[in-house]
Amino acid sequence: KTIIKKTSVDNIDMDTINQAGEIIRQGGLVAFPTETVYGLGADALNEEAAAKIYAAKGRPSDNPLIAHIADLEMLKPLVEEIPPVAEKLMDAFWPGPMTLIFNKSNLVPKGTTGGLDTVAVRYPNHPIAQALIKAAGVSIAAPSANLSGKPSPTLGEHVIDDMDGRIDMIIDGGMVGMGLESTIIDVTVNPPMILRPGFITYEMVKEIVPDATEDRTIFTKPTKEFKPKAPGMKYRHYAPSADYTIYKGDEVKVAEKIIELANEKADEGKITGIITADQHLHMYQGRLNKSIKVVSLGDLEKPETVANHLFKALRDFDKVDTEFIFGEAFSEKNVGQAIMNRLTKAAGYNIIDV
Ligand code: TXA
Ligand code: MG
């Protein structure tokens, strides 16, 4: 049976944290909030505990886990060396939504790294995550706390939906701060390469490391020749059960197209949804079959609101068994890059230029 405990960020219940820390030390699994998404944690140095994570998520065992630390001292035993460029990025962005890939030390089992000689490390900036890692006294391997292939959890109830009965404990700390997973940067290569975009944008990284590059598969569909460098990025991800297509181009033309196609499906009796933004809601008003579920991800002037609602929206479409989703494309500027990266994957690269 899964122990479910609520605790708030402003008033952390230390009994809950200590109990969770003990579970981790004993080789068990605890889901906990971070500033990006919820994580599903186990002792990063315990191969058997890591194996339980893969089982609980239904995750392919070649997809490595991120080790979470709560101070810089915890990094040294995990890695072979800390390149100067990593020090610069750590100074700029840790604690925070950035994961760095290092050459791993012998201490880190391959059961945690999906068989790789490298290890991903993140120092989260979330008081519950930090308190848990400190209470456990070990670094915590944690993927996002969703079933493999589902959208990452941004609310405690998402974790409960996916993990109740599968793990030892869930710490429900309410809504996460950002709603998109961390930016992953490989610092084992020179220049460093961004493998997954996030709230720490390419522009922000280039201010610290001007020659940083990006994995080309961030936007293009992976092929045999160009496989994503982060093994997890190759799987169909964040996917709602619905057939989801993104329409890109002039905003009025896009809305017209979506109205036409969504009405067609709804008139056939299909459960149909639309993904839009606050500024565009008016274009759909009074023009749609009443059964169509129209969801705004947020304010285009504040892309962080869009990031915050994205995974919840995809989950909510699943809850009502949506069969078709017609969605607008979003700007790819700054954090928009991470937003479109996740939406593109959720849509299975189904993007149509209008
Ligand atoms: O924000 C986040 O990063 C969240 C929270 C819980 O910290 N975690 C998260 O973990 O998103 P996960 O497992 O869902 O995604 C980790 C990604 C996967 O795409 C994985 O393939 C990649 O990181 N990764 C992990 N270790 C790697 C390594 N050694 N080399 C390349 N990619 C790696
Ligand atoms: Mg994940």
Side-chain angles (χ1 to χ4, degrees), residues 30-42 44 50 53-54 56-70 78-80 93-105 108-126 128-130 132-133 139-154 158-159 162 171 173 176-189 192-200 215 217-218 222 227-239 307 311 338 341-342 345-346:
V30 177
F32 60 97
T34 81
E35 77 277 34
T36 56
V37 299
Y38 273 80
L40 173 54
I53 292 182
Y54 289 95
K57 280 181 63 90
R59 176 172 173 125
S61 61
D62 69 341
N63 191 358
L65 308 174
I66 297 173
H68 294 67
I69 58 175
L78 303 178
V79 303
E80 191 116 279
F93 302 121
W94 270 2
M98 175 184 75
T99 296
L100 297 178
I101 310 282
F102 297 93
N103 287 314
K104 79 171 193 68
S105 72
V108 182
K110 288 208 171 170
T112 302
T113 65
L116 298 176
D117 292 320
T118 53
V119 61
V121 185
R122 183 160 99 79
Y123 179 177
N125 187 17
H126 189 286
I128 295 176
Q130 289 181 358
L132 173 63
I133 298 162
S139 52
I140 297 185
S144 49
N146 51 286
L147 289 170
S148 193
K150 290 269 173 208
S152 296
T154 54
H158 296 162
V159 182
D162 281 14
I171 303 175
V176 297
M178 296 168 178
L180 294 180
E181 309 87 342
S182 59
T183 305
I184 301 178
I185 309 173
D186 186 352
V187 291
T188 69
V189 294
M193 182 187 273
I194 299 180
L195 307 188
R196 178 174 75 181
F199 261 75
I200 310 283
D215 185 345
T217 64
I218 283 175
K227 291 200 184 73
K229 303 268 189 310
M233 301 291 277
K234 73 173 177 261
Y235 297 105
R236 174 139 196 237
H237 230 144
Y238 321 112
F311 288 140
N341 169 263
R342 303 311 191 273
K345 282 172 187 295

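Quick caveat, the model's predicted, so the values are computed rather than measured. This chain uses plain numbering: 1 for the first residue, then up along the sequence. Just so you know, ligand 1 is whichever comes first in the structure, and atom 1 is the first atom listed for that ligand.
In terms of polar-atom proximity, Thr34 is not counted as a contact of ligand 1, lacking any N or O under 3.5 Å from an N or O of the ligand. Of the polar atoms of His68, at least one N or O is found under 3.5 Å from an N or O of ligand 1, judged by distance alone. Considering both main-chain and side-chain atoms, Thr36 comes within under 3.5 Å of ligand 1 through a nitrogen or oxygen pair.
Which parts of ligand 1 touch Ile184 is read off a 4.0 Å heavy-atom cut-off, strictly below it: atoms 17 (C), 22 (C), 23 (O). Atoms of ligand 1 found under 4.0 Å from any heavy atom of Ile66 (numbered from 1 in listed order, with element): 3 (O), 8 (N), 9 (C), 10 (O), 16 (C). Every atom of ligand 1 with a heavy atom of Arg59 under 4.0 Å away is listed here by number and element: 12 (P), 13 (O), 14 (O). Residue Lys229 approaches ligand 1 through these ligand atoms, each under 4.0 Å from one of its heavy atoms: 31 (C). Listed by number with element, the atoms of ligand 1 under 4.0 angstrom from any heavy atom of Thr118 are 28 (C), 29 (N), 30 (N). Each of the atoms 28 (C), 29 (N), 30 (N) of ligand 1 lies under 4.0 Å from some heavy atom of Leu116. Within ligand 1, counting atoms from 1 as listed, the ones closer than 4.0 Å to a heavy atom of Asn63 are 18 (C), 20 (C), 21 (O).
Between Arg122 and Glu35, at least one side-chain nitrogen of the basic residue sits less than 4.0 Å from a carboxylate oxygen of the acidic one, meeting the salt-bridge criterion.
Ligand 1 lies within reach of Val37, whose nearest heavy atom is under 4.0 Å from it. Put simply, no part of Lys104 is less than 4.0 Å from ligand 1, judged by heavy atoms.
For the pair Tyr38 (side chain) and Val176 (backbone), a donor-acceptor distance under 3.5 Å is absent. The backbone N or O of Glu181 sits nowhere less than 3.5 Å from a side-chain atom of Thr36 that would complete a donor-acceptor pair.
Side-chain contact between Gln130 and Asn125 is present, with heavy atoms from C-beta onward closer than 4.5 Å. Annotation: side chain of Thr112 is not in contact with side chain of Val119 (no heavy-atom distance under 4.5 Å). No side-chain heavy atom of Ser152 sits under 4.5 Å from any side-chain heavy atom of His158.
Of the candidates Pro60, Gly39, Pro97, Ser144, Ser144 brings a heavy atom nearest to atom 14 (O) of ligand 1. In the candidate list Val119, Asn103, Ile101, Ile101 is nearest to atom 28 (C) of ligand 1, counting heavy atoms. When the heavy-atom distances from atom 11 (O) of ligand 1 to Met178, Arg196, Arg122 are ranked, the shortest goes to Arg196. Comparing heavy-atom distances from atom 32 (N) of ligand 1 across Pro231, Ala120, Ser182 singles out Pro231 as nearest.
At a cut-off of 2.8 Å, Ser144 coordinates the Mg ion (ligand 2) through an N, O or S atom.
Shortest non-hydrogen contact noted between Pro95 and Pro124 is CB-O, 3.6 Å.
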